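The figures here come from the full heavy-atom set of this structure, side chains too, leaving out hydrogens, waters and symmetry mates. This one's a predicted model, so the numbers in the text were calculated from it and none came from an experiment.
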Amino acid sequence: ASGRDRAKTRRSKRFLQSREPKLTEGQKSSMIIRGGNSSETVSQALKDVYALKKPNAVLYKRKNMVRPFDDSTALEFFSKKSDCSLFLFGSHNKKRPNNLIFGRMFDFHVLDMFELGIERFVSLRDVKTDTCPEGTKPLLVFAGELFETDREHQRLRNLLTDFFCGPRVSAVRLAGLEHVLHFTALEGKIYMRSYKVLLKKSGCRTPRIQLQDMGPSFDFVMRRNHMASDDLYKTAHRQPRGVKPKKKKNISHDAFGTRLGRLHMQNSRSPQENKSAYGSLRTEKHVQVFIETEMSL
């Protein structure tokens, strides 16, 4: 380590160890930044997204004169300072009004980012309903053919999944499905809706599910984007050897994650037993033929 990064106290040593690369990374954090020129719509939108992302988010309340598509140095500095790999930047100007930029970092450098313009916005405070508890893991739903066929929309879906997925869990109980984020791609626009899941009585064991509009709601229009090259994108998704699961012979999984095993059964009989069994079958066959011949005579 360099002299600047060498720890002088135990506290600083623990801090540097927490920033070191790990085989299994923890929950990704997001930084939410307001640009130098901002509107009331953009400011409220950033606050609402921050409410959905808490506690794994950092909200920068001061204005920052940053232009991500021209110079991303300031974003990379903020990313290293706050240890955040995801960011949301909001700005407003005459050429691109009510602008939001979703992006992510790799090794504290911008990997890819998408610029979305707000055409319609309904805030959390405008919807007079109960909200989900802080830190609730949302259920993400993507609808639209463009998310499956168009390369830019596929990369945007991957970015939004990375941004809103929440903590990684091995299993989810039914009562834990409280929040749904629905994204629809249609005719160059992205419609984002947020719902609260209500479990109603249905007269049977399985409850009846009802979706209640919770906010915030966005109607986005696609603007500029910066996507990483295929080689850099592949490098960013590379897993270390210690994380990759070891392949086990004769074990596979179907589309639903069910574990399937294949058994290879060997012949348990010895060669002598096989010969005696074959001889007994021949004897029984000759006896049967002799009896049929005697009956015909």
So does Arg67 have more than 12 non-hydrogen atoms from other groups sitting under 6.0 Å from CZ?
no
Shortest non-hydrogen contact from Leu124 to Gly215?
CD2-O, 3.1 Å
Scan side-chain atoms only and decide if Gln154 and Asn158 contain a donor-acceptor pair under the 3.5 Å cut-off.
no
Point-to-point distance, once rounded to the nearest 0.5 Å, from OG of Ser202 to CD of Gln210
12.5 Å
For residues 174-192, which side-chain donor-acceptor pairs fall under 3.5 Å, sequence neighbours excluded?
residue, atom, partner, partner atom, Å
His179, NE2, Ser194, OG, 2.7
His182, ND1, Thr184, OG1, 3.2
Lys189, NZ, Glu119, OE1, 3.1

Is there a side-chain contact between Pro97 and Thr41 in this structure, where contact means two heavy atoms from C-beta onward sitting under 4.5 Å apart?
no
Looking only at heavy atoms, what is the nearest atom pair of Asn99 and Ile101, with distance?
ND2-CG1, 4.2 Å
Linked, directly or transitively: Leu46 and Phe220 (ILVMFWY side chains, under 4.5 Å)
yes
State, without any angle test, whether Gln44 and Ser123 hold a side-chain donor-acceptor pair at a distance under 3.5 Å.
yes
With rounding to the nearest 0.5 Å, note down the distance linking CG in Asn64 to OG in Ser91.
12.0 Å
Could you tell me which non-hydrogen atom of Tyr233 sits nearest to which non-hydrogen atom of Asp112, and how far apart they are?
CE1-OD2, 4.2 Å
Note: Glu115-Arg224 ion pair, threshold 4.0 Å (strictly below)
yes
Shortest non-hydrogen contact from Leu75 toward Pro68
CD1-CB, 3.6 Å
Is it true that Met113 and Leu88 fall in one hydrophobic cluster, defined by side-chain heavy atoms closer than 4.5 Å?
no
Kindly compute the distance separating CZ (Phe102) from CG (Asp162), expressed to the nearest 0.5 Å.
12.5 Å
According to a hydrophobic-cluster definition based on side-chain heavy atoms being under 4.5 Å apart (Ile, Leu, Val, Met, Phe, Trp, Tyr only), do Val49 and Ile118 belong together?
yes
Applying ring pair (Phe, Tyr, Trp, His ring centres under 6.0 Å) to Phe89 and not counting sequence neighbours gives none
To check you understand the geometry: which heavy-atom pair defines the closest contact between Val58 and Cys84, and what is its length?
CG2-SG, 4.2 Å
pair Arg125-Lys47: side-chain heavy atoms closer than 4.5 Å
no
Which is it for Val221 and Leu116 under the side chain to side chain contact (heavy atoms under 4.5 Å, CB included) test, yes or no, and what are the steps along the way?
CA-CA 6 Å; Val221 59; Leu116 304 177; over 6 Å; no
Over 60° means perpendicular and under 30° means parallel, so tell me whether Tyr60 and Phe78 are parallel, tilted or perpendicular.
tilted
Does one side chain, of Thr73 or Asp71, offer a donor that lies under 3.5 Å from an acceptor on the other?
yes
Between Phe77 and Val66, is there shared hydrophobic-cluster membership here, with clusters defined by ILVMFWY side-chain heavy atoms closer than 4.5 Å?
yes
NZ of Lys234 to OG of Ser229, rounded to nearest 0.5 Å, is 12.0 Å
For Leu160 and Phe142, run side chain to side chain contact (heavy atoms under 4.5 Å, CB included): C-alpha distance rounded to whole Å, both residues' side-chain angles, the deciding distance at 0.1 Å, then the answer.
CA-CA 10 Å; Leu160 293 175; Phe142 292 89; 4.1 Å; yes
Quick one, Gln212 and Asp130 - any side-chain contact, counting heavy atoms below 4.5 Å?
no
Check: Asn98/Ser39 side-chain N/O donor and acceptor closer than 3.5 Å
yes
Tell me the closest heavy-atom pair linking Phe163 and Phe87, and the distance in Å.
CE1-O, 3.7 Å
How many angstroms lie between CD in Glu145 and NE2 in His153, if you round to the nearest 0.5 Å?
11.5 Å
Go through His226 and Val110 one step at a time and tell me if the side chain to side chain contact (heavy atoms under 4.5 Å, CB included) criterion holds.
CA-CA 9 Å; His226 167 78; Val110 174; 4.0 Å; yes
Between Ile32 and Phe114, is there a shared hydrophobic cluster once you connect ILVMFWY residues whose side-chain heavy atoms come closer than 4.5 Å?
yes
Cation-pi, Phe69 ring and Arg223 (6.0 angstrom, 45 degrees)
no
Using the ring of Phe108 (Phe, Tyr or Trp, six-membered ring only), decide whether Lys81 places NZ or CZ under 6.0 Å from its centre and within 45 degrees of its axis.
no
Are any of the side-chain nitrogens in Arg193 or Asp219 under 4.0 Å away from the carboxylate oxygens of its partner?
yes
Please determine whether side chain to side chain contact (heavy atoms under 4.5 Å, CB included) holds for the pair Val127 and Met214, giving the CA-CA distance in whole Å, both sets of side-chain angles, and the decisive distance to 0.1 Å.
CA-CA 6 Å; Val127 182; Met214 187 186 73; 5.7 Å; no
For residues 132-140, please give each side-chain donor-acceptor pair under 3.5 Å, one per line with the distance, not counting sequence neighbours.
residue, atom, partner, partner atom, Å
Thr136, OG1, Pro133, O, 2.6
Lys137, NZ, Cys165, O, 2.7
Lys137, NZ, Pro167, O, 2.9

Just verifying a value: how many Å separate Leu198 CG and Leu211 CG, rounded to the nearest 0.5 Å?
8.0 Å
